[in-house]
Engineer: 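There's a structure below that I have some questions on.
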Amino acid sequence: MENSFINKDNGSSLNQTLPPFLDIKDEINSIKERKNAVILAHYYQSPEIQDIADFVGDSLDLSRKATETEANMIAFCGVKFMGESAKILNPDKIVVIPDEDAGCSLEDSCEPEEFRAFISQFTNSVVVTYINSSAEVKALSDIIVTSSNAEAIILQIPENKNIVFGPDKHLGGYLSKKTGRKMELWPGTCIVHEQFNERELVKLMTRHSESVVAAHPECHESILRHADHVGSTRSILDFVIDTPAQTVIIATEQHIIHQMKKSVPSKNLIPAPGEDGTCSCANCPYMAMNSLEKLYFAMKNETPKIELPEKLRLEALRPLKKMLDMSPKPATQNRTAA
Ligand code: 13P
Ligand code: SF4
């Protein structure tokens with residue numbers, strides 16, 4: 001199978017520095033206008049990237065936004081698989097990402113050839129794959145899901161079909177329990193979400209007896225069992241806005257707290273702890289590779305640019321389109337504060 005690749009023809013955006021007399025935000029905004037670009041950012045990006053973006057959302061919101069934009073260029077601030085999904089959906093647009101090394105531990109855990117061998121063991125099955133995966137793995141799949149639509153999509157799979165799910169075993173385990181469907185699980189994990197620690201969480205909950213807990217389904221079951229709400233990053237944001245509770249413990253990547261503080265500044269939002277009792281584990285090292293400076297150079301030089309062989313793009317597009325077709329319409333509008 002041909003692989004996707006990052007085009008670095010114009011030179012990498014890394015190791016370049018902006019002249020000190022230029023204001024980086026002004027420069028980004030003027031390139032945006034000149035090139036008719038749109039900046040999409042995930043909730044796990046740094047506050048300054050979230051604040052300069054045209055749209056901030058979860059994986060599903062961002063995929064939808066990528067299909068709606070009329071911009072010529074999409075500057076995708078997240079991790080590589082997200083930019084790749086935008087390119088699969090928009091072959092005629094330029095899709096740039098700030099750092100080509102911004103990967104994902106789930107994607108890394110799932111090599112296409114190993115995944116092909118894994119799924120071939122199961123007959124009469126539907127291969128349901130989390131969007132946190134490479135284009136090559138998507139191409140081997142029947143339906144792509146995100147954490148916000150997975151449950152609704154799995155409930156639409158006929159009962160007489162077996163389900164193979166990858167690459168996140170915690171999300172798969174949670175979905176299996178929620179839907180009552182048995183699933184064959186690929187053993188991948190998110191290095192960020194699996195670090196939350198149950199003992200430390202219980203200590204924190206005891207110290208804040210009035211608190212509620214919101215968790216992403218990539219967390220281990222020992223964390224999810226204490227959660228008052230489990231869902232995608234956007235649903236966690238919605239929960240924090242809507243809950244009458246004034247103290248919420250957040251078991252997901254902590255940069256999402258930036259949007260929560262904008263919407264509900266008076267609430268006490270506490271990152272869930274890791275083994276050492278601190279929140280330092282709740283930082284995605286891949287998301288953290290992006291910076292305003294790298295975004296500026298990516299937009300200016302149009303590199304790193306996502307390119308995909310057309311055959312691979314079409315193979316990965318099929319399950320991605322199926323996801324968009326099978327996704328319930330959003331129950332709430334994205335309530336990310338401006
Ligand atoms: P969402 O689908 O909630 O945006 O999550 C993406 C992700 O990478 C979580 O770690
Ligand atoms: Fe991947 Fe985890 Fe980072 Fe999300 S938080 S991008 S799943 S490593």
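Just follow the structure's listing: the first ligand is 1, and inside any ligand the first atom is 1. One-based numbering along the sequence shown.
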Engineer: State, to 0.1 Å, how close Asp101 and Asp99 come at their nearest heavy-atom pair, and which atoms those are.
Structural biologist: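 Looks like N-OD1, 2.7 Å.
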
Engineer: Which heavy atom in Pro217 sits nearest to a heavy atom in Ser147, and how many Å separate them?
Structural biologist: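 Closest pair (atom of Pro217, atom of Ser147, distance): CG-CB, 3.9 Å.
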
Engineer: Please list, in number order, the atoms of ligand 1 under 4.0 Å from a heavy atom of His216.
Structural biologist: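 So the atoms of ligand 1 that pass are 1 (P), 3 (O), 5 (O), 9 (C).
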
Engineer: Please list, in number order, the atoms of ligand 1 under 4.0 Å from a heavy atom of His42.
Structural biologist: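 Reading through ligand 1 atom by atom, the close ones are 1 (P), 4 (O), 5 (O), 6 (C).
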
Engineer: At less than 4.0 angstrom from any non-hydrogen atom of Asn132, what atoms of ligand 1 do you find?
Structural biologist: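 So the answer, numbered in order with elements, is 7 (C), 8 (O).
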
Engineer: Of the options Gln259, His258, Lys262, which is the one that meets Gln50 in a side chain to side chain donor-acceptor pair (under 3.5 Å)?
Structural biologist: Gln259

Engineer: Give the minimum heavy-atom separation between Pro273 and Leu204, together with the two atoms involved.
Structural biologist: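 Heavy atoms of Pro273 and Leu204 come nearest at CD-CD2, 3.7 Å.
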
Engineer: Could you tell me whether Glu198 and Arg225 make a salt bridge, using a distance below 4.0 angstrom between a side-chain N and a carboxylate O?
Structural biologist: yes

Engineer: Taking atom CD of Glu210 as the centre, report whether more than 12 heavy atoms of other residues, nucleotides or ligands fall under 6.0 Å from it.
Structural biologist: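 It does: Glu210 CD has more than 12 such atoms within range.
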
Engineer: Show the atoms of ligand 1 that are less than 4.0 angstrom away from any heavy atom in Glu218.
Structural biologist: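 In order of number, 7 (C), 9 (C), 10 (O).
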
Engineer: Strictly under 2.8 Å of atom 2 (Fe) of ligand 2: which protein N/O/S atoms qualify?
Structural biologist: Cys190 SG

Engineer: Salt bridge or not between Arg234 and Asp238? Use side-chain N to carboxylate O under 4.0 Å.
Structural biologist: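 Salt bridge flag = yes for Asp238 with Arg234.
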
Engineer: In ligand 1, which numbered atoms sit nearer than 4.0 Å to a non-hydrogen atom of His193?
Structural biologist: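 Near His193, the atoms of ligand 1 are 10 (O).
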
Engineer: Looking only at heavy atoms, which two atoms of His229 and Ser235 are closest? And how far apart?
Structural biologist: NE2-OG, 2.9 Å

Engineer: Counting only heavy atoms, tell me which of Thr233, Ile256, Thr252 gets closest to atom 3 (O) of ligand 1.
Structural biologist: Thr233

Engineer: Could you list which atoms of ligand 1 come closer than 4.0 Å to a heavy atom of Ser147?
Structural biologist: 1 (P), 2 (O), 3 (O)

Engineer: Which atoms of ligand 1 are found less than 4.0 Å from any heavy atom of Tyr44?
Structural biologist: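 Per the distance check, 7 (C), 9 (C), 10 (O).
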
Engineer: Under the side-chain hydrogen bond (donor to acceptor under 3.5 Å, both in side chains) rule, what do Asn149 and Ser327 come out as? Steps first, then yes or no, please.
Structural biologist: CA-CA 6 Å; Asn149 60 20; Ser327 286; 2.9 Å; yes

Engineer: What are the atoms of ligand 1, with element, lying closer than 4.0 Å to any heavy atom of Ser232?
Structural biologist: 3 (O)

Engineer: At what distance is the nearest protein heavy atom to atom 6 (C) of ligand 1, and which residue and atom is it?
Structural biologist: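 Heavy-atom neighbour on the protein nearest atom 6 (C) of ligand 1: Ser59 OG, 3.3 Å.
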
Engineer: Salt bridge check, Lys87 against Asp92: does any charged N sit closer than 4.0 Å to a carboxylate O?
Structural biologist: no

Engineer: State plainly whether one hydrophobic cluster holds both Ile153 and Leu324, where clusters connect Ile, Leu, Val, Met, Phe, Trp and Tyr through side-chain heavy atoms under 4.5 angstrom apart.
Structural biologist: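 Hydrophobic grouping puts Ile153 with Leu324.
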
